[in-house]
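These notes concern the structure reproduced below.
Residue numbering restarts at 1 for every chain, and letters A, B, ... go by the order of the sequence lines.
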There are 2 protein chains.
Amino acid sequence: MNDYEIEFKNYLKERGLKFTPERALILKAVFSLHKHFDIDQLWEKLHKKDNRLSRATIYRTLPLLLDCNLIQETLRCQGRVRYEHIFGHQHHDHMVCLKCGKVTEFREEKIEKLQEEVCKRYNFKSVEHRLGIRGYCQKCQKKLR
Amino acid sequence: MNDYEIEFKNYLKERGLKFTPERALILKAVFSLHKHFDIDQLWEKLHKKDNRLSRATIYRTLPLLLDCNLIQETLRCQGRVRYEHIFGHQHHDHMVCLKCGKVTEFREEKIEKLQEEVCKRYNFKSVEHRLGIRGYCQKCQKKLR
DNA sequence: TCGTAATTGAGATACAGTCTCAATTATACC
DNA sequence: GGTATAATTGAGACTGTATCTCAATTACGA
């Protein structure tokens, strides 16, 4: 059994919730997809495996996965929410290309530290933060010229 | 006439668009509201002044104001998009309290510079960036205890 | 194995945001 | 000032995403 499956089972058990085949399927799909995904991609993948699985079940399961920190929202782009599985990954920030949609991850330790400093300065207790840079990736810059 | 009105008029003129009373009203409301606002607050304010003004017109005007940099989106919180007027203001980032919704602005020059460095490193041409920190403000931290 | 409360699928519903279209109007040009 | 014309408007229809309802099903503790 995968670590993330154990994690999810524990999370459910603690709350008296059930580990159903549908939830197992969704969990598996989330971690087998490309790291960044949106609901449509997830639904398409799941629909192939079990065409009875309902959209509602996906929408009901995602908040659970968010709540136990197996996944997180990344950027919203063109009205779409994008997710990524983060279990076992370190926090990082994102750059998104406005043309091709490519997502690049980066981590800059100094920025992380400076944010902590800012929070201290304002007596703000940080829970999470998101830094998203929108612009054009190397390839698309060339095309634009 | 206000500076932002001149700005908007020029923007419209350049594109062969019209400066209508409805647009004037929306512009005025945007700058008379608390700096951070959402569509509902804007609609409520406008509805009081002219109850014939349509929601569609607001939705049609906001992209124009965004495009000419008079306003910008800030954070999305609980599915809501929030805007702020930025004309004449310097770029800054946000902290949002998850309990009371209070928005605190901050600017940290070092973070701004580090972001530029990151973009250079990845050959990414930045257009805009958003840094949002979610957590609890000083007051709400006390209440939680 | 059984009882019970959680979960499911399907479709209804809610809601924000967009689109359509006929009527109106701002603006450039005379 | 008058006129032509293309942009704009309001109202309501529509779209698409996400949520809710409810009867039927099912996981899981005892």
| query | Across the strands shown, which category fits A:Arg23 at heavy-atom distances under 4.0 angstrom: base, sugar-phosphate, nothing? | reply | sugar-phosphate
| What's the CD1-C1' distance between B:Ile26 and D:dT8, to the nearest Å? | 11 Å
| query | Between B:Lys18 and B:Arg60, which is nearer to the 5' end of DNA chain C once each is assigned its nearest nucleotide? | reply | B:Arg60
| said: Run B:Glu84 and B:His94 through side-chain hydrogen bond (donor to acceptor under 3.5 Å, both in side chains) and show every step you take. | reply: CA-CA 11 Å; B:Glu84 66 179 324; B:His94 296 97; 3.2 Å; yes
| task | Calculate the interatomic distance between B:Leu17 atom CG and C:dA28 atom C1'; express it in whole Å. | result | 15 Å
| message | I want to check one thing: is the phosphate of C:dT8, taken as OP1 and OP2, less than 4.0 Å away from some side-chain N or O of A:Thr20? | response | yes
| query | Taking atom C1' of D:dA11 as reference, at what distance in whole Å does atom CZ of B:Arg52 sit? | reply | 11 Å
| message | For B:His85 and B:His36, I'd like to know if the aromatic rings sit close, meaning centre-to-centre distance below 6.0 Å. | response | no
| remark: A:Leu62 atom CG is separated from D:dA18 atom P, nearest whole Å, by 9 Å
| said: Measure CG/B:Leu25 against P/C:dA26 and give the value in whole Å, please. | reply: 13 Å
| said: Would you say B:Tyr59 places a side-chain N or O within less than 4.0 Å of OP1 or OP2 belonging to C:dG17? | reply: yes
| query | Okay, side chain of B:Gln41, backbone of B:Asp38: is any donor-acceptor separation there less than 3.5 Å? | reply | yes
| Protein-nucleotide distance (A:Glu14, atom CD; D:dG29, atom P), rounded to Å | 14 Å
| note | From CH2 of A:Trp43 across to P of C:dA10 the rounded distance in Å is 10 Å
| request: Give one of base, sugar-phosphate or nothing for A:Lys13, where a contact means two heavy atoms less than 4.0 Å apart. | output: sugar-phosphate
| said: Using a 3.5 Å distance criterion without hydrogens, assess whether the side chain of A:Gln115 forms a donor-acceptor pair with backbone atoms of A:Lys110. | reply: no
| field | Spacing of B:Leu53 atom CG relative to D:dT9 atom C1', expressed in whole Å | value | 9 Å
